Amino acid sequence: MKKYLFATVAAIALLPGVSRAEMSLVRIATMPDGAEVTGISTNAIGDLFLNAQHPGGKNTFKDDAPAALVGYVARFDAASPGMPIPPEDQRADLQVNSGQYVTFGKAGDALGSGEVFGGVYDAAGALMYVSNAPDFNGFVPTGANTAYLYTGWEGAGRDGASAISKVALSRRDGVWQADLSQSKMLDLSSVHGGGAVFGHDHALGDAAAGGGIFLLQFCHMEPPGQP
């Protein structure tokens, strides 16, 4: 029998007036086989963003690697009950306990800039490889119904240079949708490229993109004194 490895997303909610003894762990999503959940974040109105990183355990998007996903849960309801582990024949998909997962883009998708989603480019603009490992998400609103989602891409499993994508979003009928024709990969050549790391020390100039660091000062999550 085939063995499956898939990540589970769980949330702990402490409501006003509820003691810690009454806290509960709720499964809110499951990832595709071999994927890691990354980029979990919310915006000011409670939308839940999350990615499926390296599905199939493939850090680089090439050959037969399943494409990583960047997106969010439309109409997520934090009060919904948890979900069970899906049966084996449904473990290839990202599933959620409430609402619907909306995919903004997949690794390798064409962007309006002429680049590819997750592409890692050298200083001359040549594609080196396509990362299959989206990490942090930074939601930046530009209006009531428009925004950009910045996503950091690990460099082939943190073994190489990384990248950052900027995806244009618009909200229609309460649901965010991506316009990849107005999206691009950021040019990091002025800071000598980016390295996906979980601390401050990195080898490629001043740009760091990883689960612990939000580039452009979106947020800083490293514990004090973290090397």
Side-chain angles (χ1 to χ4, degrees), residues 9 11 13 28-29 31 35-53 61 67-80 94-121 130-154 162-188 190-191 194 196 207-222:
V9 186
I28 61 174
M31 297 293 105
E36 173 184 351
V37 58
T38 60
I40 300 177
S41 60
T42 59
N43 59 13
I45 59 176
D47 293 322
L48 178 65
F49 299 83
L50 55 85
N51 309 324
Q53 184 188 85
F61 181 65
L69 308 176
V70 174
Y72 94 114
V73 183
R75 300 187 174 91
F76 171 70
D77 182 2
S80 292
L94 193 159
Q95 301 193 40
V96 294
N97 74 324
S98 66
Q100 180 181 8
Y101 186 74
V102 176
T103 300
F104 294 147
K106 300 179 181 180
D109 280 350
L111 303 178
S113 61
E115 301 159 317
V116 295
F117 200 40
V120 180
Y121 295 83
V130 180
S131 171
N132 206 33
D135 206 325
F136 79 79
N137 286 319
F139 179 89
V140 179
T142 56
N145 294 299
T146 57
Y148 287 112
L149 185 72
Y150 292 83
T151 300
W153 296 75
E154 290 184 358
S162 61
I164 298 175
S165 57
K166 179 183 180 181
V167 172
L169 302 178
S170 61
R171 187 168 56 177
R172 302 170 213 150
D173 298 323
V175 177
W176 292 102
Q177 301 288 342
D179 183 356
L180 296 187
S181 71
Q182 299 297 315
S183 303
K184 65 179 182 179
M185 302 302 297
L186 296 188
D187 181 1
L188 302 181
S190 64
V191 290
I213 294 179
F214 278 21
L215 191 69
L216 307 181
Q217 299 181 351
F218 290 129
C219 173
H220 188 74
M221 300 174 64
E222 295 292 351

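Nothing fancy with the numbering, it's 1 onward along the sequence. All of these numbers come straight from a predicted model, not from anything done at the bench. Any value given below was found using the heavy atoms of this structure, including those in side chains, with hydrogens, waters and symmetry copies removed.
- Closest approach of L180 and A110 over heavy atoms only: CB-O, 3.9 Å.
- Of all the heavy atoms in M185 and Y121, the pair that sits closest is CG-CE1, 4.3 Å.
- Using a 4.5 Å heavy-atom cutoff, the side chains of N97 and F76 are in contact.
- Listed here is the closest heavy atom pair of S162 and V120: O-CG1, 3.8 Å.
- Residues V140 and Y150 are in side-chain contact: their nearest non-hydrogen atoms beyond the backbone lie under 4.5 Å apart.
- Within the 3.5 Å criterion, the main-chain N or O of A68 finds a donor-acceptor partner in the side chain of N132.
- Not one N or O on the side chain of R75 forms a donor-acceptor pair closer than 3.5 Å with the backbone of Q100.
- The two residues A107 and W153 come nearest to each other via the heavy atoms CB-CZ3, 4.1 Å.
- The 12-atom threshold is exceeded at OH of Y101, counting heavy atoms of other residues, nucleotides or ligands nearer than 6.0 Å.
- Rounding to the nearest 0.5 Å places CD1 of I164 at 11.0 Å from CG of D187.
- Contact annotation: the side chain of N43 never approaches that of Y72 to less than 4.5 Å [non-hydrogen atoms, C-beta and beyond].
- In this structure, the side chain of S131 does not engage the main chain of G118 through any donor-acceptor pair within 3.5 Å.
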Test side chain to side chain contact (heavy atoms under 4.5 Å, CB included) applied to N51 and D135, step by step: CA-CA 7 Å; N51 309 324; D135 206 325; 5.9 Å; no
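- The distance from atom OG1 of T146 to atom CD of Q182, rounded to the nearest 0.5 Å, is 12.5 Å.
- Between A168 and S183, the shortest heavy-atom contact is N-OG, 3.0 Å.
- With rounding to the nearest 0.5 angstrom, the CG atom of L169 is 5.5 Å from the CG atom of L149.
- At a threshold of 4.5 Å between non-hydrogen side-chain atoms, the residues N137 and V70 count as touching.
- L48 places a side-chain heavy atom less than 4.5 Å from the side chain of I28.
- Put simply, the side chain of S98 gets close to the backbone of D77: a donor and an acceptor are under 3.5 Å apart.
- Counting heavy atoms from C-beta outward, Q177 and V175 have side chains that approach closer than 4.5 Å.
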Derivation of the side chain to side chain contact (heavy atoms under 4.5 Å, CB included) call for F104 and F49: CA-CA 10 Å; F104 294 147; F49 299 83; 4.0 Å; yes
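- Taking the six-membered ring for Trp and the full ring otherwise, W176 and F139 have centroids separated by under 6.0 Å.
- At least one side-chain heavy atom of E115 sits under 4.5 Å from a side-chain heavy atom of K184.
- With 3.5 Å as the limit, one finds no donor-acceptor pair spanning the side chains of S170 and N145.
- Counting only distance, with no hydrogens or angles, the side chain of T151 and the backbone of S165 share no donor-acceptor pair below 3.5 Å.
- Contact of the E36 side chain with the T38 side chain is registered, since non-hydrogen atoms from C-beta on lie closer than 4.5 Å.
- The two residues A144 and R171 make their nearest non-hydrogen contact at O-NH2, 2.9 Å.
- The side-chain contact (heavy atoms from CB on, under 4.5 Å) with L50 is formed by just one residue from the set V96, T42, V37; it is V37.
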